[in-house]
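Notes follow once the structure below has been shown.
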Amino acid sequence: MICGVVSGVISSTIANPTDVLKIRMQAQGNLFQGSMIGSFIDIYQQEGTRGLWRGVVPTAQRAAIVVGVELPVYDITKKHLILSGMMGDTILTHFVSRFMCGLAGALASNPVDVVRTRMMSQRAIVGHVDLYKGTVDGILKMWKHEGFFALYKGFWPNWLRLGPWNITFFITYKQLKRLQI
């Protein structure tokens, strides 16, 4: 689990500029003009290196939360399904366990993901004060001003992405591992 958390934090930190770019391009919608490279250069010119790594802390936190929640939920679910006698060590058991770990990962990471997205979509303007100082500040402000469920905006698409990814990747991995000699 530690290796998964560390690799998630490192990889998401390295890839953060592409995440900022994606979120900015999505937020602009039909107003987006220019190329991906042009937008990347624009962020760098207007906001500097810090603009490209805007929201890196919640991005790393999200990666750590997803891995830190999904792995134990998968193992615990699978263990209880097998020990209860409800299911054997079958593809169905792995499917259900991965389905549950995707749900748990989405539930645990969504609040951080919402704050992260909002932080990344903020443009640094001279004299502009950031909406959120960090993850905890963002979560508390959103809860106070928009209510608890604001932390779960986009939950369904998040889960519909994490659930099938977990199921497909890990069942495929397990089957390929069995084929290995």
Side-chain angles (χ1 to χ4, degrees), residues 1-32 36-74 98 100-166 169:
M1 189 166 95
I2 291 170
C3 290
V5 168
V6 169
S7 66
V9 166
I10 291 170
S11 63
S12 64
T13 299
I14 291 168
N16 199 77
T18 59
D19 220 5
V20 170
L21 187 61
K22 175 195 72 142
I23 287 171
R24 298 270 180 96
M25 290 171 77
Q26 289 173 337
Q28 290 175 3
N30 291 336
L31 300 175
F32 176 74
M36 180 181 73
I37 301 297
S39 294
F40 183 84
I41 292 168
D42 180 56
I43 293 169
Y44 179 74
Q45 287 176 340
Q46 291 188 23
E47 302 172 48
T49 305
R50 292 187 79 191
L52 296 170
W53 268 272
R54 182 175 292 280
V56 70
V57 172
T59 298
Q61 290 169 334
R62 181 196 174 278
I65 289 168
V66 168
V67 173
V69 168
E70 285 183 350
L71 292 176
V73 168
Y74 171 77
R98 283 290 161 199
M100 293 305 295
C101 86
L103 175 61
L107 283 169
S109 69
N110 212 87
V112 174
D113 201 21
V114 173
V115 170
R116 169 186 86 95
T117 300
R118 290 185 181 189
M119 287 176 75
M120 286 180 170
S121 62
Q122 298 176 131
R123 278 207 172 259
I125 302 169
V126 177
H128 172 75
V129 177
D130 286 340
L131 187 59
Y132 307 123
K133 292 179 180 98
T135 308
V136 174
D137 181 55
I139 289 171
L140 293 174
K141 283 181 179 175
M142 284 176 55
W143 193 335
K144 180 181 178 183
H145 299 290
E146 300 175 52
F148 174 77
F149 290 106
L151 300 171
Y152 285 92
K153 287 182 178 178
F155 169 78
W156 293 108
N158 189 16
W159 183 34
L160 291 172
R161 180 183 62 80
L162 282 176
W165 183 89
N166 274 291
F169 177 81

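In what follows, every heavy atom counts, from backbone to side chain, and hydrogens, waters and symmetry copies are set aside. The structure presented is a predicted model; accordingly, all values stated were derived computationally and were not measured.
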Worksheet, complete the sentence: In short, ring pair (Phe, Tyr, Trp, His ring centres under 6.0 Å) pairs touching residues 134-153 with sequence neighbours left out are W143-F148, F148-Y152
Practice prompt. Could you tell me which non-hydrogen atom of A64 sits nearest to which non-hydrogen atom of V9, and how far apart they are?
Written response: CB-CG2, 3.9 Å
Worksheet item: Where do G134 and V115 come nearest, in terms of heavy atoms and distance?
Response: O-CG1, 4.1 Å
Worksheet, complete the sentence: Those residues at least two apart in sequence (or on a different chain) that pass side chain to side chain contact (heavy atoms under 4.5 Å, CB included) with W156 are W159
Worksheet item: Considering residues at least two apart in sequence or located in another chain, which fulfil the side chain to side chain contact (heavy atoms under 4.5 Å, CB included) criterion with V136?
Response: L140
Discussion item. Has W165 got a side-chain atom pairing as donor or acceptor with G102's backbone, closer than 3.5 angstrom?
Written reply: no
Practice prompt. Might you point out which heavy atoms bring V69 and A108 nearest each other, and give the distance in Å?
Written response: CG2-CB, 3.7 Å
Fill in: Considering all heavy atoms, the nearest A63-S12 contact
CB-OG, 3.7 Å
Item to complete: Could you walk me through whether L162 and E70 pass side chain to side chain contact (heavy atoms under 4.5 Å, CB included), step by step?
Response: CA-CA 10 Å; L162 282 176; E70 285 183 350; 3.9 Å; yes
Discussion item. If the condition is side-chain hydrogen bond (donor to acceptor under 3.5 Å, both in side chains), which residues does T59 pass it with, not counting sequence neighbours?
Written reply: N16
Discussion item. Testing the basics here: between V73 and A104, what is the closest heavy-atom pair and its distance to 0.1 Å?
Written reply: CG2-CB, 3.7 Å
Discussion item. K141: which residues meet the side-chain hydrogen bond (donor to acceptor under 3.5 Å, both in side chains) condition with it, sequence neighbours left out?
Written reply: D137
Practice prompt. Can you sort out the partners of I37 under side chain to side chain contact (heavy atoms under 4.5 Å, CB included), two or more places apart, ordered by chain and number?
Written response: S35, I41
Fill in: M120 backbone acceptor or donor facing R24 side chain under 3.5 Å
yes
Worksheet item: Does R62 have any salt bridge (Lys or Arg N to Asp or Glu O under 4.0 Å) partners at least two apart in sequence or in another chain, and if so, which?
Response: D113
Discussion item. Between Q26 and T117, is there a side-chain heavy-atom distance shorter than 4.5 Å?
Written reply: no
Worksheet item: Does I43 reach the side chain of L52, with side-chain heavy atoms less than 4.5 Å apart?
Response: yes
Fill in: side-chain hydrogen bond (donor to acceptor under 3.5 Å, both in side chains) against T135, all qualifying residues, sequence neighbours excluded
Q61
Worksheet item: Hey, are the side chains of L107 and F155 touching, using non-hydrogen atoms and a 4.5 Å cut-off?
Response: yes
Practice prompt. Output all residues satisfying ring pair (Phe, Tyr, Trp, His ring centres under 6.0 Å) with Y44, sequence neighbours left out; order by chain, then residue number.
Written response: none
Item to complete: Return the set of residues passing salt bridge (Lys or Arg N to Asp or Glu O under 4.0 Å) with K22 (not counting sequence neighbours), or none when no residue passes.
Response: D19
Response to the item:
Hits for side chain to side chain contact (heavy atoms under 4.5 Å, CB included) against A150, two or more places apart or cross-chain, chain-then-number order -> M142, E146, K153
Practice prompt. Over all heavy atoms of both residues, which pair between M1 and G68 is shortest? Give the atoms and the distance, please.
Written response: SD-O, 3.7 Å
Discussion item. The criterion is side-chain hydrogen bond (donor to acceptor under 3.5 Å, both in side chains); which residues satisfy it with D42, sequence neighbours excluded?
Written reply: Q46, R123
